2 protein chains.
Amino acid sequence: MEQVFVKDLKQHLDKEVLLKGWIYNLRSSGKIMFWQFRDGTSVMQVVVSQDEVDEKIWEEAQKVTIESSVVIKGKVTKHPKKEEYEVQLSGLTIVQISEEYPIGKKEHGPDFLLTNRHLWLRSPRQWAIQRVRNVVINAMYEYLNNKGFIKIDAPILTPNACEGTTTLFEVDYFDQGKAYLSQSGQLYIEAAIFSVGRCFDFGPTFRAEKSKTRRHLTEFWMMDAEAAFVEHEESMKIQEGNIRHIIRKVLAECDLELDILKRDKEALKRTDNEFKIMTYHDTIEFLRSKGSDIKVGEDLGADDETILTAESDVPVFVEKWPKEIKAFYMKQDPENPAVYKCSDLVATEGYGEVIGGSQREDDYDLLLERMKKEKLPIADYQWYLDLRRYGSVPHSGYGIGLERTVGWMCGIRHIRETIPFPRMISRIYP
Amino acid sequence: MEQVFVKDLKQHLDKEVLLKGWIYNLRSSGKIMFWQFRDGTSVMQVVVSQDEVDEKIWEEAQKVTIESSVVIKGKVTKHPKKEEYEVQLSGLTIVQISEEYPIGKKEHGPDFLLTNRHLWLRSPRQWAIQRVRNVVINAMYEYLNNKGFIKIDAPILTPNACEGTTTLFEVDYFDQGKAYLSQSGQLYIEAAIFSVGRCFDFGPTFRAEKSKTRRHLTEFWMMDAEAAFVEHEESMKIQEGNIRHIIRKVLAECDLELDILKRDKEALKRTDNEFKIMTYHDTIEFLRSKGSDIKVGEDLGADDETILTAESDVPVFVEKWPKEIKAFYMKQDPENPAVYKCSDLVATEGYGEVIGGSQREDDYDLLLERMKKEKLPIADYQWYLDLRRYGSVPHSGYGIGLERTVGWMCGIRHIRETIPFPRMISRIYP
């Protein structure tokens with residue numbers, strides 16, 4: 001008999017099936033037991049009736065504890081009132097009786113849960129988050145493939161830093177001196193567009209930042225996309241389409257997961273309209289009118305991002321930032337050389353910045369001048385400057401933070417739950 | 001007028017189109033010029049006739065150098081004899097005139113090419129390899145999604161080593177002491193199957209090995225898959241399906257790329273039959289009969305792998321290896337406790353091992369005993385042992401090396417060309 005998965009139970013109504021999984025929860029009332037059974041694909045109820053099973057099976061069933069692994073047989077029935085399917089147990093093989101499970105129904109502190117992350121992942125909320133994460137990842141690939149982007153894996157071990165050197169993890173690299181863990185693959189995929197036209201990377205990035213906020217991890221996943229012959233305005237359209245595709249996919253494929261997470265689905269649905277675009281300067285003015293004490297030349301704080309989208313159903317692009325607070329590789333606006341042709345996308349409901357994007361400086365002289373002003377080691381970046389010497393083209397790109405996007409989709413403020421094994425400044429285990 | 005891509009030229013026969021890209025090559029004969037034009041999606045010929053274009057355009061066209069970036073307009077025509085499409089130029093905008101391009105038609109040494117990897121990527125062979133790599137990546141996701149595996153990203157920064165500690169890159173991790181760059185995500189995704197049933201990771205892994213062979217990189221990409229309630233034999237079926245899916249996708253989607261690479265497609269097609277399975281002991285006997293001096297207890301060398309598949313159209317599983325030469329987490333064979341329920345998959349045509357897989361030890365006591373025998377730091381692995389205490393299940397998994405698989409598909413022996421920016425012991429730039 002072949003294994004059936006809980007998610008497919010509906011297709012087997014009134015039939016005998018074989019399932020393999022774990023007992024998530026159990027209760028008993030005299031001659032009947034109810035098990036919450038999970039197999040990774042979903043959860044269902046199993047009913048064990050003393051009157052319906054052999055005495056031996058009834059005895060075995062008494063031994064089952066929370067998190068025990070079992071193989072069961074039984075008939076699929078439908079809940080008389082609800083759209084729920086359950087199994088009336090007829091056969092049982094215990095695979096292993098679990099020891100007393102350390103994660104119970106009582107509240108545990110975050111430190112205990114993080115130390116037991118390998119077990120905590122089994123909890124319904126954590127299960128749901130990882131499933132949503134998977135859908136976000138697939139939606140990313142699907143959207144980019146459809147738009148003609150191919151995957152180009154940027155290196156993790158790099159000889160220099162993309163944005164400053166203060167927050168880098170260092171590695172001894174044979175007799176080549178120090179190497180650093182990449183904070184962004186952007187510069188590398190910029191090189192690759194001259195071969196493949198449009199490409200993206202999607203991998204881990206690292207920041208040795210001593211920040212202890214709920215928005216910081218030392219290791220997190222980023223998708224960076226880059227396209228030749230695409231300018232700032234078109235890039236924002238691509239970015240908007242990318243986020244929209246993710247939201248639609250999550251809504252279409254994660255109904256159960258969003259229910260478990262108690263996510264306000266309507267709020268996600270309302271994002272499905274044209275995104276707003278505001279200049280940086282208009283944004284500062286707006287924030288100050290709402291009581292923020294932010295000044296021109298400052299980056300948006302978490303509070304500012306919350307104020308900005310408090311009355312907006314859709315994400316907001318903040319574009320054309322002053323050069324001083326953005327990275328050297330961005331293209332200066334020909335209409336206003338004090339600002340870059342760049343944008344940050346701020347998510348709804350206070351979930352903060354999820355995309356940073358810009359057109360890149362394609363003029364060799366302007367780029368070199370900018371790098372000198374920022375005192376970058378020019379020799380290390382010679383290869384990057386080369387891209388402006390041999391067939392330079394207007395091009396743009398953007399980066400999406402996976403964990404922040406998953407947090408937004410799931411309605412989770414603490415980014416540490418959005419990655420399977422979070423790494424923070426005081427956490428490297430398990 | 002909207003940009004058209006070269007790959008879609010056929011759909012625009014006899015129509016005026018706009019294209020954006022680079023001049024890969026050019027030749028001229030009096031009143032006519034022929035450009036090889038590439039835009040990342042493919043390559044085509046552009047014909048510039050002095051009689052057909054304005055004088056100004058003809059003058060501009062004289063300025064164009066190899067690797068210059070241009071926007072062109074023209075009518076799509078079909079080659080009279082071949083299934084090839086070209087464009088008769090009618091409009092031209094030069095984006096940038098390239099400086100003299102350093103990579104010419106003459107032979108360059110590998111060091112020169114690797115130092116100029118950011119430019120070398122534009123060469124047809126390198127373009128083709130990266131396109132095949134992208135198809136292999138997508139085929140991996142597609143196969144695993146269809147088989148119910150979801151993505152679980154294993155951490156890169158880890159407190160301990162999966163297989164030995166001699167070849168690890170070290171990082172100072174705040175006040176937590178040393179962290180190490182992961183050599184495999186397997187142990188972590190083993191934890192995750194207890195939540196999601198089936199999962200995989202797919203990311204960079206690191207080996208600080210001082211090997212200078214054509215098969216070694218210090219940074220390379222691995223896909224690790226893991227499934228609950230799957231035993232050794234079923235796992236081999238899944239592995240076979242995975243490789244088959246990749247080969248079929250590459251054959252279906254990379255015809256032009258394989259032509260550029262001069263790959264023997266027939267050899268790839270012939271793999272589409274049931275893979276062979278041999279025990280380790282039979283393999284050693286076979287190799288010795290063919291003249292190898294390998295002894296029982298030794299790992300297969302590159303030459304052995306070549307001999308093994310020399311007369312085989314299909315890849316060969318070598319299964320049930322002696323414990324001494326395989327990793328501690330593998331399940332001992334109940335029928336022969338001296339060997340593990342594991343297998344390596346050896347590719348055809350001497351491309352070597354592309355998969356390592358095994359059933360995992362699910363018995364707490366046997367695993368602990370094995371770990372003690374190998375003198376592993378038990379405390380660091382407590383979380384891993386926990387998986388055998390709380391609902392242990394039979395489970396199996398496997399890892400596919402991306403670069404080796406891409407090398408096999410492309411017919412490339414030197415693995416350094418299969419990754420966009422290779423990292424070797426003497427190479428960290430660009």
Side-chain angles (χ1 to χ4, degrees), chain A residues 3 20 22 39-41 67-69 95-96 98-99 101 118-119 121-122 126-127 130-131 134 137-138 141 145 150-153 155-157 159 169 171 173-174 176 179 188 191-192 194-198 203-204 219 221 228-229 383 386 389-393 419-421 423 425 428-430, chain B residues 3 20 22 39-41 67-69 95-96 98-99 101 118-119 121-122 126-127 130-131 134 137-138 141 145 150-153 155-157 159 169 171 173-174 176 179 188 191-192 194-198 203-204 219 221 228-229 383 386 389-393 419-421 423 425 428-430:
Chain A
Q3 180 183 0
K20 302 176 178 188
W22 299 266
D39 70 352
T41 69
E67 284 305 309
S68 289
S69 42
V95 181
Q96 196 219 20
S98 174
E99 294 183 23
Y101 196 61
H118 56 296
L119 303 175
L121 282 172
R122 306 181 186 188
Q126 302 305 316
W127 172 84
Q130 295 310 319
R131 301 255 307 176
N134 179 60
I137 292 169
N138 283 330
Y141 276 88
N145 283 334
I150 79 161
K151 189 155 194 249
I152 290 287
D153 294 311
I156 304 298
L157 294 165
F169 286 109
V171 177
Y173 198 80
F174 307 104
Q176 301 287 306
Y188 290 97
F194 292 84
S195 168
V196 299
R198 295 177 168 206
E219 178 180 333
W221 281 63
F229 296 105
W383 67 272
D386 274 358
R389 295 170 65 200
Y390 305 109
S392 188
V393 294
I419 190 165
F421 294 92
R423 297 297 182 237
I425 64 170
I428 186 84
Y429 177 93
Chain B
Q3 181 183 1
K20 303 176 177 186
W22 297 266
D39 71 352
T41 70
E67 284 306 309
S68 289
S69 42
V95 181
Q96 197 220 17
S98 174
E99 294 182 24
Y101 196 60
H118 56 294
L119 302 176
L121 281 173
R122 306 180 187 188
Q126 302 305 316
W127 172 83
Q130 294 311 317
R131 301 255 307 176
N134 179 60
I137 293 170
N138 283 331
Y141 276 88
N145 282 335
I150 79 162
K151 190 156 195 246
I152 290 286
D153 294 310
I156 304 298
L157 293 166
F169 286 109
V171 176
Y173 199 81
F174 306 105
Q176 302 287 304
Y188 290 97
F194 292 83
S195 169
V196 299
R198 294 177 169 205
E219 177 179 332
W221 281 62
F229 296 105
W383 67 272
D386 274 358
R389 294 169 67 199
Y390 306 108
S392 189
V393 294
I419 190 166
F421 295 91
R423 298 297 183 235
I425 64 169
I428 186 84
Y429 176 94

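Because only heavy atoms are used, hydrogens play no part in the values below, and waters and symmetry mates are left out as well, while side chains stay in. The shown structure was predicted, so the numbers you read here are calculated from the model rather than taken from an experiment. Just so it is clear: chains get the letters A, B, ... in the order the sequence lines come, proteins before strands, and each one is counted from 1.
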>> If you count heavy-atom pairs within less than 4.5 Å of chain A, which of B:Ala191, B:Pro420, B:Gly197 leads?
In response: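 So the answer, after comparing B:Ala191, B:Pro420, B:Gly197, is B:Pro420.
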
> Do you know which of B:Ile419, B:Leu119, B:Asn145 has the most heavy-atom pairs with chain A at a distance under 4.5 angstrom?
Replying inline: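 Looking at each option in turn, the highest pair count goes to B:Asn145.
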
Which pair of non-hydrogen atoms, one from [X] and one from [Y], has the smallest distance, and what is that distance?
| X | Y | value |
| --- | --- | --- |
| B:Ser69 | A:Ser392 | OG-O, 2.6 Å |
| A:Pro155 | B:Arg423 | CG-NH2, 3.3 Å |
| A:Ser98 | B:Gly391 | CB-N, 3.7 Å |

> Under 30°, 30 to 60°, or over 60°: which ring-plane class applies to B:Tyr188 and A:Phe421, parallel, tilted or perpendicular?
Replying inline: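 Perpendicular: the ring planes of B:Tyr188 and A:Phe421 meet at over 60°.
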
> Relative to the ring of A:Tyr173, is the ring of B:Phe169 parallel (under 30°), tilted (30 to 60°) or perpendicular (over 60°)?
Replying inline: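 Taking A:Tyr173 first and then B:Phe169, their aromatic rings lie parallel (interplane angle under 30°).
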
> So what's closer than 4.5 Å to chain B heavy atoms on A:Gln130: side chain, backbone, both or neither?
Replying inline: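 It is both, since atoms from each part get that close.
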
> How far does CD1 of B:Ile156 sit from CD1 of A:Ile156, to the nearest 0.5 angstrom?
Replying inline: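 It comes to 6.5 Å.
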
> Rounded to the nearest 0.5 Å, how far apart are OH of A:Tyr141 and NZ of B:Lys151?
Replying inline: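 Here the rounded value is 5.5 Å.
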
Side chains of [X] and [Y] in contact at under 4.5 Å (non-hydrogen atoms):
| X | Y | value |
| --- | --- | --- |
| B:Asp39 | A:Phe229 | no |
| B:Trp22 | A:Val393 | yes |
| A:Ile137 | B:Asp153 | yes |
| A:Ser195 | B:Gln126 | no |

Using a 4.5 angstrom heavy-atom cutoff, name the option from [options] with the most pairs to chain B.
| options | result |
| --- | --- |
| A:Leu157, A:Thr41, A:Leu121 | A:Leu157 |
| A:Ile152, A:Val95, A:Ile428, A:Val196 | A:Ile428 |
| A:Gln3, A:Gln176, A:Glu219, A:Arg131 | A:Glu219 |
| A:Gly203, A:Ser68, A:Pro204 | A:Pro204 |

>> Whether the side chain of B:Tyr429 engages the backbone of A:Trp383 through a donor-acceptor N/O pair (distance < 3.5 Å, no angle test) should be reported.
In response: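 Answer holds: yes.
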
>> If I measure from the heavy atoms of chain A, does B:Arg198 come under 4.5 Å with its side chain, its backbone, both, or neither?
In response: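 Contact with chain A involves the side chain of B:Arg198 alone.
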
> Relative to chain A, which segment of B:Tyr390 carries a heavy atom at a distance below 4.5 Å: side chain, backbone, both, or neither?
Replying inline: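 For B:Tyr390, the contact with chain A is made by backbone and side chain together.
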
> Residues in salt bridge (charged side-chain N to carboxylate O under 4.0 Å, His left out) with A:Glu67, at least two apart?
Replying inline: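 Applying salt bridge (charged side-chain N to carboxylate O under 4.0 Å, His left out) to A:Glu67 gives A:Arg38, A:Arg122.
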
>> Going by salt bridge (charged side-chain N to carboxylate O under 4.0 Å, His left out), name the residues that satisfy it together with B:Arg389, two or more places apart in sequence or in a different chain.
In response: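 Scan of B:Arg389 (salt bridge (charged side-chain N to carboxylate O under 4.0 Å, His left out), adjacent residues dropped) gives A:Glu99, B:Asp386.
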
